There are 2 protein chains.
Amino acid sequence: MQNQKTFHHGNLKHALLQAALKLLDEHGAAGVTIRAVAKETGVSHAAPVNHYKDRRTLLTALACELFKEIVSTTLTRLEDSSLTDKERIFSFAVALCDYGLAHPNRYQLIWRSDLVDHQDAGLLAVMDELYDALCAELSELPGKAGCDTDTLAVSLWSMAHGYIDMRLTGMFEPHNDSVTHEPRFRAMLELYFRSLQ
Amino acid sequence: MQNQKTFHHGNLKHALLQAALKLLDEHGAAGVTIRAVAKETGVSHAAPVNHYKDRRTLLTALACELFKEIVSTTLTRLEDSSLTDKERIFSFAVALCDYGLAHPNRYQLIWRSDLVDHQDAGLLAVMDELYDALCAELSELPGKAGCDTDTLAVSLWSMAHGYIDMRLTGMFEPHNDSVTHEPRFRAMLELYFRSLQ
DNA sequence: TAGCCTATATTGACACCGTCAATTTTTAGA
DNA sequence: TCTAAAAATTGACGGTGTCAATATAGGCTA
């Protein structure tokens, strides 16, 4: 059991992630520079290299933590046993949408393949966890429109991700903060579910 | 009528865009720097400022040209009068998917809101042109599942964009080059169309 | 307790980057 | 031909990631 304040700084590795998250929220992915993270943490500009060998590694670790948040809140919603089959399926898309609109910078970082290593084992494991959970829900549905489960899962996730991503660019509709009530997204989900009957 | 080789360089503005496109294809958006574009064009590092006031303006102009390509190829496909209603709708999604998988760097640049100004009038006009064409096709369908046209259009576009975007990260499936035949994407489109009946 | 070894942190350097100011060169038009 | 504007160059500034060299602190063994 190692103390909180061993070594020079303590556990700098975790402190760096915290600082990176703060900078991400405040200034977007472009603001999460090695040097800014180091300054925010109160350490010299080359200190982070001991814990994350380069910026890509740091941002990958951060993206992994962020996706864990998404998985966690999604699975928590599914613990409600009073949900209908339809609502259980919708939970995946709605949780993703809520998170994306509430934390645009976090959501966008996750999908920045130039900044994040999407072959990272840790990140793949977390993503698979959510994907597998979605497939498990879908496979229990009575009618599946003659589609395999993967097609249904990828369809739903694609629609949700595409909507969030394009909405964050401000392309389709002006970005407002009424995240809780999203009539268009609901209509899209209803349309999706309709095809399964 | 102004000559091709007026002024110092000729029409540097167009040459810069060409160089930017080459660098984009070869090295991704991160490789399209003002200085690299200038060097590729054979001018000094500060020459581009006379035609594009900063990097964002240059990349926005480039993104606009790229989206024009997408609109052009999509509308060309629609000129085939032998297409069924379903195939006409699919053309929008398939053209987008083909383009995205054939030119990952180009497609990804278009949606990089940190690099491209999505409020740019020129870019908005081109995007609206494609969106309006899609809505025109959708509004002629007999059954619309009780949805307004916008919901149908945003659903289809979201699904297509989300699929392309996530596929380019290599998240769902290994990225291969068999762009022409995409069975999963076809199945997703069939699922979408099924919900309209 | 003394000393060594490794993990950790600092400093400084390098080549890039975007952008600006000052300057020079070219061109258009009176 | 002359002048003013447009275009291009040069040089500088603060910022970036990353590396090498150096300094320091901690755990561990003797």
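Values below: all heavy atoms of this structure, side chains included; hydrogens, waters and symmetry mates excluded. Note on naming: letters A, B, ... go to the chains in the order of the sequence lines (proteins, then strands), and numbering restarts at 1 for each one. Quick caveat, the model's predicted, so the values are computed rather than measured.
- One interatomic measurement links the two molecules: CG of B:L12 to P of C:dT27, which rounds to 14 Å at whole-angstrom precision.
- Between the side chain of B:N50 and the base of D:dA6, no donor-acceptor pair under 3.5 Å is found.
- Residue B:S44 is classed as a base contact, given a heavy-atom separation below 4.0 Å to a base.
- Side-chain proximity of B:R55 to C:dG18, C:dA9, D:dA8: nearest is C:dG18.
- The nearest whole Å value for the distance from the CZ atom in A:R56 to the C1' atom in D:dT16 is 17 Å.
- Remark: the backbone N or O of A:S72 is paired with a side-chain donor or acceptor of A:T76 at under 3.5 angstrom.
- Rounded to a whole Å, the CG atom of A:L115 is 11 Å from the P atom of D:dG17.
- Between the CD1 atom of A:I34 and the P atom of C:dA15 there is a distance of 21 Å, given to the nearest Å.
- Comparing B:T33 and A:P48, the nucleotide of DNA chain C nearest to each residue sits closer to the 5' end for A:P48.
- Between the NE2 atom of B:H51 and the P atom of D:dA6 there is a distance of 12 Å, rounded to whole Å.
- Side-chain proximity of A:R35 to the nucleotides C:dT19, C:dT11, D:dT18 is greatest for D:dT18.
- Classification of the B:F67-B:W111 ring pair by plane angle, with boundaries at 30° and 60°, yields perpendicular.
- Computed from coordinates, the A:L23 CG to D:dT16 P distance equals 10 Å when rounded to whole Å.
- When heavy atoms are screened at a 4.0 angstrom cut-off, B:V49 is found touching no nucleic acid atom at all.
- The backbone N or O of B:I110 sits less than 3.5 Å from a side-chain atom of B:H118, completing a donor-acceptor pair.
- Within the 4.0 angstrom heavy-atom criterion, base atoms lie near B:H45.
- Formation of a donor-acceptor pair under 3.5 Å by the A:R194 side chain with backbone atoms of B:L196 is not found in this model.
- Comparing C:dC17, D:dA20, C:dT19 by their closest approach to the side chain of A:A46 singles out D:dA20.
- Note on residues 15-25 of chain B: pairs passing salt bridge (charged side-chain N to carboxylate O under 4.0 Å, His left out), not counting sequence neighbours, are B:K22-B:E40, B:D25-B:R106.
- When each of A:D54 and B:G42 is assigned the nucleotide of DNA chain D bearing its nearest heavy atom, the one mapping closer to the 5' terminus is B:G42.
- Rounded to an integer number of Å, the gap from A:N11 CG to C:dA9 P is 10 Å.
- Distance, B:K13 NZ to D:dA6 P: 14 Å, rounded to whole Å.
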